[in-house]
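As structure tokens, the structure follows; a few thoughts come after it.
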Amino acid sequence: MESINRSDIVPVPLGRANAYFVIREQEVVLVDTGTKGNARKIVQALLTRGLSPRHIRLIVITHTHYDHCGSLKALKDLTGAKTLVHESEATRLREGYGGFPRGTTALTQVISFLGRTIGKRVGGYDPVSPDIIMKDRFSLEAYGLDGYVLATPGHTIGSVSVILDNEHAMVGDTLFNIFRKSLFPPFADDPDELLKSWTKLYETGCRQFYPGHGKPFGRDKLRQNLEARMMH
């Protein structure tokens, strides 16, 4: 658990992907919800900290793929929390299907093709109508946090990251930490835009990054990856 002033970042590993709580006193912001069927795990993780589902005031969706918002509908119904998504993916959330991103390697290009062929049968989820639709930046001050949600496109057109105290960033799939050295996602719709988002994240001054897949990592690893990619 990472302390940021009077707030805590609590990773919630969900098998296929990570969700995160940002807890400040008795208020909670939830970042992502995993696949369908993860609502119970998320609620249990909250209960173990002496909090109930009703303490969740906001759910931030970093992007609308099924492994990040599959349990959104169940949690929204349970908590009454508002849902935030980028304007570019609001329609996808309403339709309950975020599509499949392009692969960034030969293997993942094949996987992506198969995913798009199968489509909503695998990648679909219960649709949700978002309450808050953002564009470039959304302040979290109303939720008692020194932070904001930042547009970080590339993995998808509407990917966003949550920045807290300019030190901690929950980045969804903008950065992967499942490989030993590389942070580059195996899937990204726009790799050039992705690298611009990496630069934006580095320029926030954040020192710790919390990915949608893999464990948190530090600023040096992002810098090394960014420098390596810029040399290509």
Side-chain angles (χ1 to χ4, degrees), residues 1-86 89-90 92-93 96 98 125-134 138-150 152 158-165 168-174 208-216:
M1 187 183 296
E2 294 283 348
S3 291
I4 23 172
N5 298 331
R6 289 172 293 168
S7 302
D8 293 308
I9 297 174
V10 181
V12 186
L14 298 171
R16 187 166 295 185
N18 301 320
Y20 295 94
F21 294 136
V22 181
I23 302 174
R24 183 181 182 274
E25 296 174 353
Q26 294 291 301
E27 295 188 339
V28 181
V29 172
L30 172 63
V31 181
D32 288 339
T33 69
T35 57
K36 283 184 180 179
N38 281 149
R40 181 175 293 181
K41 285 183 182 178
I42 290 171
V43 169
Q44 187 58 45
L46 201 58
L47 293 174
T48 60
R49 286 161 179 84
L51 297 167
S52 76
R54 288 290 170 180
H55 286 110
I56 298 178
R57 291 187 58 204
L58 175 68
I59 303 174
V60 176
I61 296 300
T62 61
H63 61 292
T64 56
H65 288 157
Y66 73 100
D67 55 337
H68 292 262
C69 53
S71 290
L72 176 59
K73 178 65 163 60
L75 286 164
K76 185 170 173 58
D77 289 348
L78 189 63
T79 65
K82 292 186 180 300
T83 298
L84 180 149
V85 72
H86 191 272
E89 299 191 28
R92 298 179 184 181
L93 197 64
Y125 48 84
D126 295 329
V128 172
S129 182
D131 304 287
I132 301 169
I133 298 174
M134 63 164 283
F138 177 84
S139 173
L140 293 172
E141 184 179 359
Y143 298 90
L145 299 174
D146 179 13
Y148 56 94
V149 185
L150 178 69
T152 50
S159 290
V160 302
S161 299
V162 178
I163 311 299
L164 294 170
D165 203 38
H168 302 262
M170 282 153 281
V171 298
D173 287 0
T174 299
Q208 192 77 353
F209 298 86
Y210 302 79
H213 303 270
K215 295 182 178 181

Quick check: closest heavy atoms across [X] and [Y], and the distance to 0.1 Å?
| X | Y | value |
| --- | --- | --- |
| Cys69 | Thr33 | CA-OG1, 3.2 Å |
| Val43 | Pro53 | CG1-CG, 3.8 Å |
| Ala90 | Ile133 | CB-CD1, 3.9 Å |
| Val171 | Pro211 | CG2-CA, 3.7 Å |
| Thr35 | Asn38 | N-OD1, 2.9 Å |
| Ile163 | Ala169 | CD1-CB, 3.7 Å |

Give a yes or no on whether the backbone of [Y] and the side-chain of [X] come within a donor-acceptor separation of less than 3.5 Å.
| X | Y | answer |
| --- | --- | --- |
| Asp126 | Ser71 | no |
| Asp77 | Ala74 | no |
| His213 | Arg16 | yes |
| Asp146 | Leu164 | no |
| Tyr210 | Val10 | no |

Roughly how far apart are [X] [atom1] and [Y] [atom2], rounded to 0.5 Å?
| X | Y | atom1 | atom2 | answer |
| --- | --- | --- | --- | --- |
| Leu72 | Leu93 | CG | CG | 5.5 Å |
| His65 | Glu89 | NE2 | CD | 6.5 Å |
| Leu30 | Ile56 | CG | CD1 | 5.0 Å |
| Leu140 | Arg57 | CG | CZ | 10.5 Å |
| Glu141 | Leu145 | CD | CG | 10.0 Å |
| Asp67 | Asp173 | CG | CG | 6.0 Å |

Assign the ring pair Phe138 / Tyr143 to parallel, tilted or perpendicular, where the plane angle (0 to 90°) is split at 30° and 60°.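 Because their plane-to-plane angle lies in the 30° to 60° range, the rings of Phe138 and Tyr143 count as tilted.
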Quick one: are [X] and [Y] in side-chain contact, heavy atoms under 4.5 Å?
| X | Y | value |
| --- | --- | --- |
| Asp8 | Phe21 | no |
| Leu51 | Val28 | yes |
| Val149 | Met134 | yes |
| Val22 | Met170 | yes |
| Thr83 | Ile132 | no |
| Pro11 | Asn18 | no |

Check the pair Leu150, Val160 against side chain to side chain contact (heavy atoms under 4.5 Å, CB included), reporting the backbone distance first and the verdict last. CA-CA 5 Å; Leu150 178 69; Val160 302; over 6 Å; no
Picking from Val29, Val162, Leu58, what satisfies side chain to side chain contact (heavy atoms under 4.5 Å, CB included) with Leu84?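 That would be Leu58; it is the only one of Val29, Val162, Leu58 passing the side chain to side chain contact (heavy atoms under 4.5 Å, CB included) with Leu84.
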Using side chain to side chain contact (heavy atoms under 4.5 Å, CB included) as the criterion, point out the one residue from Leu14, Leu46, Val12 that pairs with Lys41.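 Only one option passes, and that is Leu14.
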Looking at the rings of Tyr66 and Tyr125, which for Trp means the six-membered one, are their centres under 6.0 Å apart?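 No, they do not, as the ring centres are separated by 6.0 Å or more.
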Does the pair Asp131/Lys76 count as a salt bridge with the N-to-O cut at 4.0 Å?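 Answer for the salt bridge query: yes.
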Side chains of Gln208 and His168: is there a donor and an acceptor less than 3.5 Å apart?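 Distance-only check fails for Gln208 and His168.
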Between Ser161 and Thr152, is there a side-chain donor-acceptor contact under 3.5 Å, judged purely by atom types and distance?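 Yes, side-chain donor-acceptor contact under 3.5 Å.
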